[in-house]
There are 2 protein chains.
Amino acid sequence: MLQLTRDGEYAVRALVYLASQPDGKISLISEISETQEVPKSYLSKIMQHLVRSGLVKSRRGAKGGFVLARPAHQITLRQTIEAMEGPIHLNVCLIKKGECHRDDLCPVHPVWRDAQSKLIEVLDSKTMADLVRDAEKLQRTGNKTEARRVEVK
Amino acid sequence: MLQLTRDGEYAVRALVYLASQPDGKISLISEISETQEVPKSYLSKIMQHLVRSGLVKSRRGAKGGFVLARPAHQITLRQTIEAMEGPIHLNVCLIKKGECHRDDLCPVHPVWRDAQSKLIEVLDSKTMADLVRDAEKLQRTGNKTEARRVEVK
DNA sequence: AGCATTAAGACTAAATTCATCTTAATTGTC
DNA sequence: GACAATTAAGATGAATTTAGTCTTAATGCT
């Protein structure tokens with residue numbers, strides 16, 4: 001299906017949370033789980049994955065926890081999603097040259113390539129730092145929807 | 001996963017094939033299956049689905065088969081894909097207002113909305129008639145890539 | 001009547017999704 | 001050094017989706 005998995009969604013939530021914390025602050029699984037509404041033991045596996053893919057650093061033992069592995073403005077939405085789901089390919093024919101041997105004659109292939117690059121462009125253009133800033137803005141305007149915000153004020 | 005299912009891919013192949021046939025020509029499952037490289041009995045289920053969603057008309061019995069239900073330029077890629085997979089929602093939070101109660105405070109939501117509308121725009125802009133024309137062009141240039149075709153002509 | 005063909009849907013195997021649970025390993029603190 | 005807190009690792013499992021096959025019924029031509 002053309003839909004993000006829970007893995008991807010939860011990873012984004014976790015990273016946005018980490019990015020919103022003061023510099024150097026270590027966050028716990030339970031803390032992220034509660035604020036971001038992600039099942040705790042599921043989140044644990046996701047964090048593991050994010051550590052292995054180099055977006056997050058963990059420390060074991062008492063006073064352990066998780067921190068971003070690099071500044072929030074150097075982590076994009078795309079990187080986060082691909083850390084969980086692997087490279088984005090909107091259709092199997094885009095996985096690699098030759099994956100689909102109808103490639104050269106298939107008129108649909110270029111359309112998928114176009115769609116995919118537009119999607120990726122959007123996901124590349126948002127960093128965790130951007131998202132934290134956006135979240136703060138949303139909070140200041142007090143839970144109004146975008147549309148209403150425009151009309152009312 | 002952010003990936004088209006086989007259902008969607010095969011439906012597109014079938015419709016492109018039907019669109020490429022002379023006006024009024026009735027096509028058989030076996031014919032579509034062989035030229036488009038789709039398992040025959042699987043294709044049968046897909047055609048059923050396309051009939052029910054109104055993109056294709058079928059006739060039973062001897063001399064029966066399938067025809068487009070309307071002109072090829074009135075069937076878009078998006079319609080074809082949504083006929084098989086249902087409405088496109090890149091993330092569950094886009095299914096409907098209120099699906100995700102974090103909506104108003106979630107900074108990621110607008111990004112998904114943006115990405116989705118760009119994807120849909122691409123899929124809306126290609127009709128089966130366009131694709132048949134593109135396929136003919138590809139065949140004339142003898143398996144060259146798009147990029148090269150642009151240079152040459 | 002008989003044959004060709006689609007319609008409908010039951011059935012299945014494999015993969016993916018979305019988790020939970022248990023146990024081991026690690027580390028700071030007392 | 002013992003202990004408590006915490007993450008790491010991975011086994012396990014239920015539900016759903018995916019991808020496909022197969023069978024039987026219905027239909028329409030000849």
Side-chain angles (χ1 to χ4, degrees), chain A residues 1-14 18 25-34 36-69 81 84-86 88-92 95 100, chain B residues 1-14 18 25-34 36-69 81 83-86 88-89 91-92 95 100:
Chain A
M1 226 182 2
L2 290 168
Q3 193 167 283
L4 188 72
T5 59
R6 298 283 77 197
D7 279 32
E9 166 71 17
Y10 292 161
V12 172
R13 291 191 198 177
L18 290 183
K25 158 103 191 299
I26 289 184
S27 304
L28 305 184
I29 287 270
S30 55
E31 182 186 334
I32 306 174
S33 158
E34 278 159 31
Q36 305 305 300
E37 304 174 74
V38 179
K40 206 159 128 183
S41 37
Y42 192 19
L43 180 60
S44 141
K45 260 191 28 182
I46 286 169
M47 295 311 289
Q48 235 180 89
H49 213 103
L50 293 175
V51 169
R52 251 179 283 144
S53 48
L55 296 179
V56 166
K57 277 188 301 194
S58 68
R59 228 175 60 187
R60 291 182 167 197
K63 306 276 164 174
F66 298 92
V67 197
L68 289 187
I81 290 163
M84 297 307 298
E85 307 207 344
I88 290 172
H89 301 298
L90 283 187
N91 196 344
V92 291
I95 290 175
C100 171
Chain B
M1 226 182 0
L2 289 167
Q3 194 167 282
L4 188 72
T5 60
R6 298 285 77 199
D7 279 31
E9 167 71 17
Y10 292 160
V12 172
R13 290 191 198 176
L18 290 183
K25 157 103 190 299
I26 289 184
S27 305
L28 305 183
I29 287 269
S30 57
E31 183 186 334
I32 305 174
S33 158
E34 277 160 31
Q36 305 306 301
E37 306 175 74
V38 179
K40 205 161 128 184
S41 37
Y42 193 17
L43 179 61
S44 142
K45 258 190 31 179
I46 286 169
M47 295 310 289
Q48 235 180 90
H49 212 103
L50 292 176
V51 169
R52 250 178 285 145
S53 48
L55 296 179
V56 167
K57 277 187 300 194
S58 69
R59 226 173 62 186
R60 292 181 166 198
K63 307 276 166 174
F66 298 91
V67 196
L68 289 189
I81 290 163
M84 299 306 300
E85 307 207 345
I88 291 173
H89 301 299
N91 197 343
V92 291
I95 290 176
C100 171

Novice: Under a criterion of less than 4.0 angstrom to any heavy atom of chain B, what are the 5'-terminal and 3'-terminal contacting nucleotides of DNA chain C?
Specialist: C/dA4 to C/dT17

Novice: Could you report the tightest heavy-atom contact between A/Arg13 and A/Glu37, atom names first, then the distance?
Specialist: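 Nearest heavy atoms, A/Arg13 then A/Glu37: NH1-O, 3.3 Å.
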
Novice: Rounded at 0.5 Å granularity, tell me how far CZ in B/Phe66 sits from OG in B/Ser58.
Specialist: 5.5 Å

Novice: Is any side-chain heavy atom of A/Leu2 closer than 4.5 Å to one of B/Glu85?
Specialist: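 Yes; the side chains approach each other to less than 4.5 Å.
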
Novice: To the nearest Å, how far apart are B/Ile26 CD1 and D/dT27 C1'?
Specialist: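 Taking CD1 of B/Ile26 and C1' of D/dT27, I get 14 Å after rounding.
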
Novice: Quick check: do B/Met47 and B/Leu18 have side-chain heavy atoms less than 4.5 Å from each other?
Specialist: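 Yes; the side chains approach each other to less than 4.5 Å.
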
Novice: Are the side chains of A/Lys45 and A/His49 in touch, meaning some heavy atoms are under 4.5 Å apart?
Specialist: no

Novice: How far does OH of A/Tyr10 sit from OG1 of A/Thr5, to the nearest 0.5 angstrom?
Specialist: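 So the OH of A/Tyr10 and the OG1 of A/Thr5 are separated by 10.0 Å.
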
Novice: Can you tell me how far P of D/dG20 sits from CD of B/Glu37, to the nearest Å?
Specialist: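 Nearest whole value for this atom pair: 13 Å.
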
Novice: Rounded off to whole Å, could you give me the CG-to-P distance for the A/Leu2 and D/dT18 pair?
Specialist: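 Going from A/Leu2 (CG) to D/dT18 (P), I get 10 Å.
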
Novice: Mind running a 4.0 Å heavy-atom check of residues 45-55 of chain A against DNA chain C and sending the residues that fall below it, in number order?
Specialist: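 Residues of residues 45-55 of chain A that come under 4.0 Å of DNA chain C are, in numerical order, A/Lys45.
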
Novice: Provide, to the nearest angstrom, the distance between the CD1 atom belonging to A/Ile29 and the P atom belonging to D/dA5.
Specialist: 17 Å

Novice: Of all the heavy-atom pairs spanning A/Ile29 and A/Leu43, show the shortest one and how long it is.
Specialist: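 That closest heavy-atom pairing would be O-CD2, 3.7 Å.
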
Novice: Whole Å only: how far is the CD1 atom of B/Ile81 from the C1' atom of D/dT18?
Specialist: 17 Å

Novice: Please report the distance, rounded to the nearest Å, between OH in A/Tyr42 and P in D/dA14.
Specialist: 17 Å

Novice: Let me spell it out: for each of A/Leu4 and A/Ser44, pick the nucleotide of DNA chain C with the closest heavy atom. Which residue's pick is nearer the 5' end?
Specialist: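 Closer to the 5' end of DNA chain C: A/Leu4.
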
Novice: Would you mind telling me which residue lines up with the more 5' stretch of DNA chain C, A/Thr5 or A/Arg59, judged by nearest nucleotide?
Specialist: A/Thr5

Novice: Could you state the CG-C1' distance from A/Leu43 to D/dA9, rounded to the nearest angstrom?
Specialist: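 Value for this atom pair: 16 Å.
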
Novice: Measure the CE-CD distance between B/Met84 and B/Glu9 for me, rounded to the nearest 0.5 Å.
Specialist: 12.0 Å

Novice: Between B/His89 and A/Gln3, is there a donor-acceptor pair closer than 3.5 Å when you use the side chain of the first and the backbone of the second?
Specialist: no

